[in-house]
Amino acid sequence: MTLPDIHLAPEWAPQDLVWVGWPSDAAEWGASFAGAREEIAVFARKLAGQVKVCVVAGNLSALASARKMCGDGIDIHAFPMGDIWLRDTGPIIADHKTGRVGLTFAFNGWGGKFVMPGDTETAGAILAQMELPERRFDIVLEGGAIEHDGAGTLLTTRACLFNANRNPGWEDTRARRDLSAIFGAEDIIFLEDGLIGDHTDGHIDNIARFIGHRRVVCQRPSGEDDPNAERLLQIERDLRSSGLDIVTIPSPGRVQDSHRQVLPASHLNFVFANGLVVMPVFGGTYGPRAEIELQRHMPNHRVVGLPANHILTGGGAFHCATQQVPARPIEEDLIQ
């Protein structure tokens, strides 16, 4: 399918490298700081077996710790960065008729909730390192708020995109027009709400992920006390009514912090890396079950679960902390 102006490769397409954020601000992490660094280091080393990995640290002290913990074979860079969430602060790499380009957007700290020095400079620093031109759009949009299949279908949520703390006055018709113009999307599907406790106001990458063209995986509730049970069931119903091919895996169930606050844990916050899929798990029995089921739905990939409990205390997991760079030129997609 030929798309106008911009072509976004699906995340399962071949990749040149993956950018990974390194926990850099101890004040933001509290007691989870050391644990989050260890989880990111293990994750980065796992990816490095499949794809080039470039880790971004936010200061020189963090740079030294990343070099020590990640080991050889991983490039480490010190760039301006609030913290690890490169999915939202980094550029989206796309193919344009003039060559590869980095798409960037206005960023306001997830609706003004977490405004941190450096976050608005991260995308430019990454593009400068890669020597890629920037194509900037003035709308407020985070990478984790959209999910696409590389063939014209795009998923997002109304709770995030139409939140007054992002783009006041943005509504359905205008959003569809803008998203179509920017991403070449031909079919834009809006879900309603994200997970309970999601600081991002409901990013799509925690509730629905493409694993093939128009093929989506979502989660079903786990346990009698799953705090997102009603939302997950509604998400599945809405996806099925949209005409997409839908499969499900178990959710992590109820995951809480030390203050018994529900955290936005999701097995869908996984990362593709040239035939590997790294899925976050959070302890208990649901993670291994989800790993087995996702592997069944993705026979052309190797699915591996890695712990992400400490990273989760910051509000996200592996997908939130990464930004992939498709291979150049973008090759034929791997269709599941």
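Since the structure is predicted, the reported quantities are computational estimates derived from the model, not experimental observations.
Under the 4.5 Å side-chain criterion, counting only non-hydrogen atoms from C-beta, Gln323 is not in contact with Val18. Under the 4.5 Å side-chain criterion, counting only non-hydrogen atoms from C-beta, Val20 is in contact with Leu47. Residues Thr104 and Arg135 form no side-chain contact, since every pair of their non-hydrogen atoms from C-beta on lies 4.5 Å or further apart. Looking at heavy atoms from C-beta onward, Ile146 lies out of side-chain contact with Leu155 at the 4.5 angstrom threshold. Side-chain contact between Gln256 and Gln261 is absent, with no heavy atoms from C-beta onward closer than 4.5 Å. Contact annotation: the side chain of Asp205 never approaches that of Phe270 to less than 4.5 Å [non-hydrogen atoms, C-beta and beyond]. Contact annotation: the side chain of Trp110 approaches that of Asp88 to within less than 4.5 Å [non-hydrogen atoms, C-beta and beyond]. Put simply, the side chain of Pro91 does not reach to within 4.5 Å of the side chain of Glu134, judged on heavy atoms.
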Query - Audit row: Lys52, Asp75, salt bridge (charged side-chain N to carboxylate O under 4.0 Å, His left out) steps and yes/no - result: CA-CA 8 Å; Lys52 181 179 179 180; Asp75 291 350; 3.4 Å; yes
Query - Glu192 vs Arg231, salt bridge (charged side-chain N to carboxylate O under 4.0 Å, His left out): CA-CA, chis, key distance, verdict - result: CA-CA 9 Å; Glu192 293 296 334; Arg231 295 190 183 199; over 6 Å; no
Report task. Report the C-alpha separation of Trp85 and His319 in whole Å, then their side-chain angles, then the decisive distance to 0.1 Å, and conclude whether the ring pair (Phe, Tyr, Trp, His ring centres under 6.0 Å) test is met. Result -> CA-CA 9 Å; Trp85 313 115; His319 192 253; over 10 Å; no
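In this structure, Arg237 has no salt bridge (Lys or Arg N to Asp or Glu O under 4.0 Å) partners at least two apart in sequence or on a different chain. Under the rule for a salt bridge (Lys or Arg N to Asp or Glu O under 4.0 Å), the partners of Lys113 that lie at least two apart in sequence or sit in another chain are Asp201. Qualifying salt bridge (Lys or Arg N to Asp or Glu O under 4.0 Å) partners for Arg176, counting only residues two or more places apart in sequence or in other chains: Asp172. Partners of Phe210 under the ring pair (Phe, Tyr, Trp, His ring centres under 6.0 Å) rule, at least two apart in sequence or in another chain, do not exist in this structure. Scanning for side chain to side chain donor-acceptor pair (under 3.5 Å) contacts around Asp238 gives Gln234, with sequence neighbours left out. Scanning for side chain to side chain donor-acceptor pair (under 3.5 Å) contacts around Asn163 gives Asn165, with sequence neighbours left out. With sequence neighbours excluded, no residue forms a salt bridge (Lys or Arg N to Asp or Glu O under 4.0 Å) with Arg136. The ring pair (Phe, Tyr, Trp, His ring centres under 6.0 Å) test applied to His96 returns no partner, not counting sequence neighbours.
One side chain, Trp22 or Ser65, offers a donor N or O that lies under 3.5 Å from an acceptor on the other. Using a 3.5 Å distance cut-off with no hydrogens or angles, the side chains of Ser251 and Asn228 do not pair a donor with an acceptor.
No donor-acceptor distance shorter than 3.5 angstrom exists from the side chain of Asp83 to the backbone of Glu28, with no hydrogens or angles considered. Here the side chain of Asp198 pairs a donor or acceptor atom with the backbone of His203 at under 3.5 angstrom. A donor-acceptor pair is defined here as one N or O able to donate and one able to accept, closer than 3.5 Å; such a pair exists between the side chain of Gln50 and the backbone of Asn274. The main-chain N or O of Gly253 is never found under 3.5 Å from a side-chain atom of Ser222 such that the two would form a donor-acceptor pair. A donor-acceptor distance shorter than 3.5 angstrom exists from the side chain of Thr122 to the backbone of Gly118, with no hydrogens or angles considered. Side chain of Asn167 to main chain of Val140: a donor-acceptor pair is present (N/O by atom type, distance under 3.5 Å, no hydrogens or angles). Using modelled atom types, no side-chain atom of Asn206 and backbone atom of Ser266 make a donor-acceptor pair closer than 3.5 Å. A donor-acceptor pair under 3.5 Å is formed between the side chain of Gln295 and the backbone N or O of His301.
Hydrophobic clustering (ILVMFWY, side-chain heavy atoms < 4.5 Å, transitive): Val42 and Leu312 are in distinct clusters. No chain of hydrophobic side-chain contacts below 4.5 Å, direct or via other Ile, Leu, Val, Met, Phe, Trp or Tyr residues, connects Val303 to Phe43. Ile292 and Val277 fall into different hydrophobic clusters, where Ile, Leu, Val, Met, Phe, Trp and Tyr side chains are chained together by heavy-atom contacts under 4.5 Å. By the criterion of side-chain heavy atoms lying less than 4.5 angstrom apart, applied directly or through intervening Ile, Leu, Val, Met, Phe, Trp or Tyr residues, Leu276 is not grouped with Phe272; the two fall into different hydrophobic clusters.
For the salt bridge (Lys or Arg N to Asp or Glu O under 4.0 Å) condition, the pairs that include at least one residue of residues 245-258, sequence neighbours left out, are Arg215-Asp245, Asp225-Arg254. Judged as a ring pair (Phe, Tyr, Trp, His ring centres under 6.0 Å), the pairs with a partner in residues 138-167 (not counting sequence neighbours) are, in order, Phe162-Phe190. Contacts classified as salt bridge (Lys or Arg N to Asp or Glu O under 4.0 Å) and involving residues 7-17 (residues at least two apart or in different chains) are given here: Glu11-Arg87, Glu11-Arg209, Asp16-Arg100.
In this structure, NE2 in His267 is found 10.5 Å from CD in Glu293, a value given to the nearest 0.5 Å. The structure places OG1 of Thr156 at 7.0 Å from CG of Leu179, a figure rounded to the nearest 0.5 Å. Here the straight-line distance linking atom CD1 of Ile84 with atom CH2 of Trp29 works out to 4.0 Å at 0.5 Å rounding. For the atom pair Ile207 CD1 and Gln219 CD, the distance stands at 9.5 Å (nearest 0.5 Å). If you take SG on Cys320 and NE2 on His199, they are separated by 11.5 Å, rounding to the nearest 0.5 Å. The structure places CG of Leu232 at 10.5 Å from OG1 of Thr248, a figure rounded to the nearest 0.5 Å.
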Atom pairs and distances, side-chain donor-acceptor, residues 279-288, under 3.5 Å, sequence neighbours left out:
{"unit_1": "Tyr286", "atom_1": "OH", "unit_2": "Gly223", "atom_2": "N", "d": "3.4"}

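Relative orientation of the Trp19 and Phe79 rings is tilted, given thresholds of 30° and 60° on the angle between their planes.
Gln129 CD: more than 12 foreign heavy atoms inside a 6.0 Å radius.
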